[in-house]
Amino acid sequence: MGKLSSASSSLRKLKKSPLSSFVKPPSSSSSPSQSQRSKSLSPQSSEQRFISAKCNVRSSNKTQFGKHVSSPSTTSLPHPSVTSIPVDIFETSDLEDAKKSFDLLLSKFPDSSRLDYNSILHSFCNVGGDTPTAHRDAVAFLRHMSIHSKSFTPDRSSYHILLVHACLQPDLAAAYQVLDLMSRADFSPTQASVDIVVRSLCTADRVDDACEIVKLFAANHNSPPDQYTYNFLIKCLCKIRTLDTVYGYIQELETNAGIEPNIMTYTILIDSVCRNKNLREASRLLTVLKDRGFQPDCYLYNTILKGYCAMNHCNDIMNVYNEMKSEGIEPDLVTYNTLVFGLAKCRRIDQAMKFLKIMTESGHSPDTVTYTSLMNGMCRNGDALCALELLEVMEENGCEPNECTYSTLVMGLCKGKHLEKGMELLKMMTGAGIKLETSAYATLVRTLVREEKIAEAYGVFDYAIESKSLPDELAFVHLETSLKWLEKWKN
Amino acid sequence: MVFVRKMVGESPKKLSSLIDIANIPSSTLRDFLGKSQISCLGCFISVWGYIKTNNLQDPRNKNVVNCDDKLKSILLGKSQVQLAELPRLIKLHFPKKPKLRN
């Protein structure tokens, strides 16, 4: 759900202003991702691309690639036009060199209005990284560009580029400076700016700084975060801070800036408390949000169901389901899958089968996840052969089994003393190149060693390494532990 | 009652003793691998690979390895080795690091 919200947020941002997509925060903390660069092309005209391509070629002829410049990733992009961004104009982060390169570029292109200044700025920021002077240099470079080129005045996205770059700096002073610059240039920060800053800081694991700056935005610039930014921030905060801190922050934002949590926020909170197995708090939150006049939706109930399933509270699972029904909320595929998973995990296969029927009747065809959950339950019950039969049913119904399905089956067969069948299944997996999951691998090796089929265990080890199912060392540790056990047992 | 078993390989110290690249102390092993540095894991994989490529497993009982002269030199001079004891024998070449006292 969280992913959904962030995706929809970025989509929304894209619609709002195409340029802001250019400065979406990097997915990794190091350097802005390729997708971002390719996105950044979209607003440009084809002429601009052409020019960018030309200066790219020119610069790569002239200079060796600097160590900061990620040339291979640029060339591996699928569209030839995408490679044309001049990411490698600058080989050093030195300001004077950059100014010289820029002047040279200007002199080569008389029609300076067709240059893509923001890309140039972006590439200079990339080269600079987070060296101490990088931010000051970037600001100075922007000033240099705007002075020396008549056709360029910094627009909102130029400042956003600077802002993302400033968020890479160790303290927030740089970000404040850029915000100051923006206000002076009559681009007062918008919700897009807040979003950019929050996402940059959170991906760099600086959630506390992000919280600070959101408060500042709300207080000084009169641009409180929109609900997507807000929920993203709360989600990040939930991961690293205690519940009390999160509640305190929500309260603070509500009283100071009037930002109220919405149904999505509550879903995030409930998900977070369920992960910490604090189901009482989840129930409390449910009543709180009802008191606030929110109508719990399907996603919310799915989250709670998931929490109960993780705790193996199968009576509560049914209670939640009945409550959901009585509220008149139509369960979706995820609800049913969670239900089947939870019930099968509690070894209530009959009930799970009943839900399989109910879900088909209500128009949700069971998928791989449903069947795998059922198989998991059967294997836990020690009924691995039944699970094997289910595999056939599943394939008849047009569901493609995945590696999780096979691993569950292999594990169940090994534990249920049907080693030969397990080995047959493994042979099939080897043929199809399906990876083994760690638990399945460990069980298989342990069972093989216990039966003193050591050569076969080595074979499984080989397959695990060849198919890269799990890290080599982990595969070895499992094998070694089993063998050690055998030696101990023999003596 | 629920038993929570700790995942095998969760201990970072044990893992690092496996994958850290070490100088090989014994000259015979160095000759065998043709390298001077290797991790314990890498050594195991290459010895097992050697057994497979040279078909040294006993055809009657695959769990037993009939060592050739080269292999004998690194596995304590045994002419026959159980596959089960292979990891232990390899580990002998990589002595545990003495514990650092604080």
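What you see below is based on every heavy atom in this structure, not just the backbone, and it leaves out hydrogens, waters and symmetry mates. In what follows, every chain begins at residue 1, and chains take the letters A, B, ... in the order their sequences are listed.
You'll find the side chain of A:Glu487 reaches within 4.5 Å of the side chain of B:Arg88, heavy atoms only.
Interface remark: B:Glu85 contributes backbone and side-chain atoms alike to the contact with chain A (heavy atom separation under 4.5 Å).
Environment of NZ in A:Lys421: sparse, with no more than 12 heavy atoms of neighbouring residues, nucleotides or ligands closer than 6.0 Å. Counting heavy-atom neighbours within 6.0 Å of A:Lys417 NZ, excluding the residue itself, gives a total of 12 or less. Counting non-hydrogen atoms of neighbouring residues, nucleotides and ligands closer than 6.0 angstrom, the CE atom of A:Met353 reaches no more than 12 such neighbours.
By the 30° and 60° cut-offs, the orientation of the rings of A:Tyr458 relative to B:Trp48 is perpendicular.
Here the CD1-CD distance, from A:Ile454 to B:Gln82, works out to 6.5 Å after rounding to the nearest 0.5 Å.
Of the listed residues B:Gly49, B:Pro87, B:Ala84, B:Cys40, the one with more heavy-atom pairs under 4.5 angstrom with chain A than any other is B:Ala84.
The shortest non-hydrogen separation linking A:Leu483 to B:Leu83 is CD1-O, 4.3 Å. Heavy-atom minimum distance, B:Asn63 versus A:Lys453: OD1-C, 4.2 Å.
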